[in-house]
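Protein chains get the first letters and strands the later ones, always in sequence-line order, with residue 1 at the start of each. Every heavy atom of this structure was used, including side-chain atoms; hydrogens, water molecules and symmetry mates were not.
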Amino acid sequence: MERLAPDFFDMPTLLLAERLLGKIFVMDAGHGNTPLKGRIVETEAYLAGEDEASHAWRGRTHRNRAMFGPPGTLYVYFSYGCHYLANIVSEPEGSAGAVLLRAMEPVEGIDEMRRRRGTDDLLSLMSGPGKLTQALGIGPEHYAESLVGSRCWIEDAPELSSAKIGTSPRIGISRSAGLPWRKFVIGSPHVSKTRTASRPKKGLIVLES
DNA sequence: GCGATGATGAACT
DNA sequence: GTTCATCATCGCA
């Protein structure tokens with residue numbers, strides 16, 4: 001399959017979140033090693049503007065500057081002191097919309113992924129946003145990397161029928177929660193498991209109306 | 001099978 | 001000092 005061209009990413013965030021499903025994310029392993037490949041099965045859209053859950057909601061900062069780059073830019077950030085998460089910037093350039101990669105199905109380089117993840121379980125290799133970055137080796141060195149570059153890219157795949165695309169609220173956020181901006185491949189066992197819904201704030205009694 | 005909890009660091013108030 | 005776009009592990013059933 002062909003690599004996706006730069007203009008593929010030049011579309012509205014919510015649409016890009018759907019169109020990325022089924023595509024193959026490729027990470028070049030260098031030195032003639034087998035490239036690492038995963039089929040994208042779950043995404044979340046973080047829109048420009050009214051989306052309070054977006055890192056760009058309060059405007060441009062040093063941390064989120066990659067979100068303001070051209071469509072097809074990787075925005076990588078460190079979360080919860082343990083994990084790197086990867087986003088793909090959408091259009092229009094400068095608005096800071098992005099799509100979070102939440103889960104993939106391992107396609108190639110699976111032995112290497114198993115080694116990096118420390119598990120043999122196929123369903124645990126990439127079934128979460130922190131898991132897939134570990135499996136692929138995405139880290140700070142990929143901050144603001146172009147997905148149209150030579151180190152990583154996305155291969156095209158037949159478009160999924162809308163009947164295979166599921167929608168739900170995003171996971172793990174508290175601001176702008178409830179918006180149906182998570183997209184996933186219906187029936188894929190590699191979609192992240194929706195764990196316990198909410199954890200009470202540490203040391204706080206939360207009163208809600 | 002299930003829910004609860006600590007790890008751990010950077011941005012932000 | 002608080003807040004996270006998380007994960008693995010532990011205790012209990």
### Query
When Watson-Crick pairs (N1 to N3 and N6-O4 or O6-N4) and G-U wobble pairs (N1-O2 and O6-N3) count only below 3.5 Å on both distances, what is the dot-bracket string of DNA chain C, with | for other-strand pairs?
||||.|||||||.
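Looking at heavy-atom distances under 4.0 Å, A:Gly81 makes contact with a base.
A sub-4.0 Å separation between OP1 or OP2 of B:dA11 and a side-chain N or O of A:His55 is absent. In this structure, A:Ser174 reaches the C:dC4 phosphate: one of its side-chain N or O atoms is under 4.0 Å from OP1 or OP2. Within the 4.0 Å cut-off from OP1 or OP2 of B:dC12, at least one side-chain nitrogen or oxygen of A:Thr61 is found. Between A:Arg102 and C:dT6, a side-chain N or O to OP1/OP2 separation shorter than 4.0 Å is present. In this model, the phosphate group of B:dA11 is not approached by any side-chain N or O of A:Arg58 to a distance below 4.0 Å at OP1 or OP2.
Taking the charged nitrogens against the carboxylate oxygens, A:Glu141 and A:Arg151 have no contact shorter than 4.0 Å, which rules out a salt bridge.
Evaluation of A:Tyr46 against the base of C:dA5 yields a stacking contact (centre distance < 5.5 Å, interplanar angle < 30°).
The stretch residues 113-128 of chain A comes close to DNA chain C through A:Arg117, A:Gly128, each having a heavy atom under 4.0 Å from the strand.
In this structure A:Arg3 satisfies the salt bridge (charged side-chain N to carboxylate O under 4.0 Å, His left out) test with no other residue, sequence neighbours excluded.
The aromatic rings of A:His55 and A:Tyr75 stand perpendicular to each other, their planes meeting at an angle above 60°, with 30° marking the opposite boundary.
Between B:dG3 and C:dA5, the two P atoms lie 22 Å apart (nearest whole Å).
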